Amino acid sequence: MKNSAERKRLAIVGFGGRGHIYGEFARRYPEKFQLAAVAETDPDRRKDAEDNFGAKVYADYREMLSSGEKFDLVAIATQDRQHKEHALYALERGYDLLLEKPVAVTEGDCLDIYRSAERNGRKVYVCHVLRYTPFYSAIRRLIDEGVPGEIVNIHASENVGYYHQAHSYVRGPWRNSVESSPMILAKCCHDMDILRYLIGEKCVSVNSYGSLSYFRKENAPEGSTQFCSDCPRSEECIYNAQKLYTRYIWPAGYFTKGELTEQNILRDLKYSPYDRCVYRCDNDVVDHQSTVLLFEKGKTAVHTMTAFSGEIYRDIKIYGTKAEIVGVMEDNFLEVRPLGGKAYRVDVNNEASVGGHCGGDYYMMLQIWNAMNGRPCEGITYLDVSLESHLMAFCAEKSRLSGGSTQFVRLREGE
Ligand SMILES: NC(=O)c1ccc[n+]([C@@H]2O[C@H](COP(=O)([O-])OP(=O)(O)OC[C@H]3O[C@@H](n4cnc5c(N)ncnc54)[C@H](O)[C@@H]3O)[C@@H](O)[C@H]2O)c1
């Protein structure tokens, strides 16, 4: 592929689930991105990047980022607690970043990254994929066209899905807030960002309530055991690991070696952390949380996260002075209900060919590429606004931990 000025050289730190999606975008659209290099500690993933994506590979990210190679964009796609180290190292060497959310796991660490980006004059695109989905982009356009009039309040829910909660937030990588980060940051910083984006004002204060109410020892069925593999109650349990991982295949990618066949999944699941009884894990992140947000000019929003939905979906209700806008992201359509008028449907066109998040991954890469080439783009956000949505999440967690006290969102130190 001939190099044109518009073709951007991409390097990725961490070639796991997320890194792979960015690599896949480059592989499908080589006129937009060239996957120039990958730093990954896992040898199998390095081999995959080299053999299947043609990337130059490194075991040590520092070697890649101080090799003197020109990269137009460095994606930081390692785990939450590693972002600070990896982002700062890349920023100090003059690279623009595509930084996975959460930016970092503490307010101080987020600020350190923000200050480093400012000091080094670098751009940081945070992977808030929702704002690039055709669904939320369509809502934003309706708002810009004045369809709902002035927004007064928003009610949004993030329905995590009982099996997704069990996998990611009870048994898996985001189960424990000390090892990863609180749910409101890990999962809902996207929603904080979307509310900020749609309302278009700064959030001034937050109150939040929630707890880990269900996935606890005291709710374990009598006679149940540590691992589902041996459990005499597993047949009747909706969280039975064997049943869940062979029904919902994608989470099995976290522990299965080789192809995701039923045989391989069951082989690698047995006595792994993912085989643990959901009532007997070392999880502490919430299974439900509701947050009330007050914005600068008096607009309000309520956001609810719950584990207890059959499917994974997000829904939203926007109440405006002229119309309501209602929809479920995964449905790919919206309903506009003009006050005193006839409701109508707005279809959302999703042509994403890479990644997930209802098109968010694909359109994010596309819009970032547009932005990098000075082309018209939608949804683009930089670290200053992402910092706001992260502060909203930190405030929500502080509020929740203090029984719902009001927390004021301060956007900069000293403000
Ligand atoms: N934007 C979104 O919607 C979204 C969705 C899911 C996850 N995430 C975030 O993306 C990040 C990555 O998540 P994931 O699911 O891809 O995780 P993952 O565990 O699949 O991938 C992380 C990769 O980093 C590698 N790694 C670890 N230490 C390294 C180092 N020092 N140098 C280089 N590579 C190293 C691991 O071997 C692994 O391959 C997390 O912060 C997660 O919260 C974002």
Side-chain angles (χ1 to χ4, degrees), residues 21 101 127-149 151-169 183 187-200 238 244 247-251 287-291 293 301-320 322-339 341-367 378-379 389:
I21 290 175
K101 57 96 286 225
C127 297
H128 283 307
V129 290
L130 291 190
R131 54 166 65 219
Y132 301 98
T133 58
F135 179 81
Y136 289 107
S137 306
I139 297 181
R140 183 67 249 179
R141 264 179 249 129
L142 289 171
I143 293 170
D144 291 341
E145 289 160 12
V147 172
I151 294 177
V152 179
N153 50 359
I154 298 186
H155 194 174
S157 307
E158 148 121 70
N159 307 283
V160 174
Y162 76 106
Y163 61 94
H164 184 202
Q165 178 85 18
H167 167 69
S168 293
Y169 304 100
M183 179 66 100
K187 191 83 182 100
C188 309
C189 70
H190 284 313
D191 305 83
M192 298 297 113
D193 176 67
I194 257 318
L195 291 171
R196 166 72 181 83
Y197 179 50
L198 297 180
I199 286 188
I238 59 170
L244 287 189
R247 178 168 180 192
Y248 303 102
I249 303 290
W250 65 262
D287 51 28
H288 70 290
Q289 184 165 1
S290 293
T291 303
L293 305 117
V302 178
H303 178 264
T304 294
M305 162 271 149
T306 182
F308 304 100
S309 60
E311 294 301 332
I312 302 172
Y313 65 100
R314 282 184 163 92
D315 55 64
I316 191 159
K317 272 186 173 176
I318 298 175
Y319 301 95
K322 292 186 181 161
E324 287 174 66
I325 301 177
V326 177
V328 171
M329 176 172 78
E330 288 69 10
D331 287 349
N332 275 322
F333 72 85
L334 292 157
E335 191 173 76
V336 178
R337 301 173 183 164
L339 308 189
K342 197 167 175 314
Y344 60 93
R345 175 177 162 134
V346 176
D347 284 307
V348 170
N349 190 20
N350 183 356
E351 291 176 353
S353 53
V354 174
H357 292 109
C358 294
D361 296 335
Y362 166 85
Y363 287 102
M364 178 182 76
M365 292 305 282
L366 202 59
Q367 296 298 353
E378 276 186 331
S389 58

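Source: prediction; values computed, not measured.
- The OH atom of Y197 lies 6.0 Å from the CZ atom of R131; values are rounded to the nearest 0.5 Å.
- Scanning for side chain to side chain contact (heavy atoms under 4.5 Å, CB included) contacts around I21 gives R18, V354, D361, with sequence neighbours left out.
- Looking at every heavy atom in both residues, K317 comes nearest to Y319 through CD-OH, 3.0 Å.
- Donor-acceptor pairing under 3.5 Å is lacking for the side chains of T304 and S157.
- A salt bridge links R141 to E378: one of the charged nitrogens lies within less than 4.0 Å of a carboxylate oxygen.
- With contacts defined as side-chain heavy-atom distances shorter than 4.5 Å, the pair I143/I151 qualifies.
- Here the shortest heavy-atom pairing between P134 and G359 reads CD-CA, 4.3 Å.
- Side-chain contact between K187 and K101 is absent, with no heavy-atom pair separated by less than 4.5 Å.
- No salt bridge links E335 with R345; every basic N to acidic carboxylate O contact stays at or beyond 4.0 Å.
- Counting heavy atoms from C-beta on, the side chains of E311 and Y162 never come closer than 4.5 Å.
- Using modelled atom types, one finds no donor on one side chain facing an acceptor on the other under 3.5 Å when comparing N332 with D347.
- If you run ring-ring contact (aromatic ring centres under 6.0 Å, His included) between H164 and each of F308, Y313, W250, only W250 comes through.
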inquiry  = Could you walk me through whether I238 and Y163 satisfy the side chain to side chain contact (heavy atoms under 4.5 Å, CB included) test, starting with their C-alpha distance in whole Å, then the side-chain angles of each, then the deciding distance to 0.1 Å, before giving a yes or no?
reply    = CA-CA 9 Å; I238 59 170; Y163 61 94; over 6 Å; no
request  = Start with the C-alpha gap between L198 and I316, add the side-chain angles, then the distance that decides, and say whether side chain to side chain contact (heavy atoms under 4.5 Å, CB included) holds.
outcome  = CA-CA 11 Å; L198 297 180; I316 191 159; 3.7 Å; yes
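- With a 4.5 Å cut-off on side-chain heavy atoms, R247 and L244 do not count as touching.
- Between F135 atom CZ and I194 atom CD1 the span is 9.5 Å, to the nearest 0.5 Å.
- The NE2 atom of H155 sits 9.0 Å away from atom NE2 of H303, with the distance rounded to the nearest 0.5 Å.
- Separating the CG atom in N159 from the CD atom in Q165 is a distance of 11.5 Å, to the nearest 0.5 Å.
- When all heavy atoms of A138 and L334 are compared, the pair lying nearest together is CB-CD1, 3.9 Å.
- Taking every heavy atom of both residues into account, E158 and C188 meet most closely at OE1-SG, 4.0 Å.
- The two residues S309 and G161 come nearest to each other via the heavy atoms OG-N, 3.0 Å.
- Rounding to the nearest 0.5 Å gives a distance of 11.0 Å between OG1 of T306 and CD of Q289.
- In terms of heavy-atom proximity, P338 sits nearest to Y344 at CG-CE2, 4.0 Å.
- Side-chain contact between M305 and S290: absent, with no pair of heavy atoms (C-beta onward) separated by less than 4.5 Å.
- The structure places CD1 of I154 at 4.0 Å from CD1 of I199, a figure rounded to the nearest 0.5 Å.
- In this structure the side chain of Y136 reaches within 4.5 angstrom of the side chain of R314, judged on heavy atoms.
- Between T133 and Y363 the shortest side-chain heavy-atom distance does not fall below 4.5 Å.
- Sorted by first and then second residue, the salt bridge (Lys or Arg N to Asp or Glu O under 4.0 Å) pairs with a member in residues 322-332 read E324-R337; sequence neighbours excluded.
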query = I139 and I318: side chain to side chain contact (heavy atoms under 4.5 Å, CB included), yes or no, with the steps?
reply = CA-CA 9 Å; I139 297 181; I318 298 175; 3.4 Å; yes
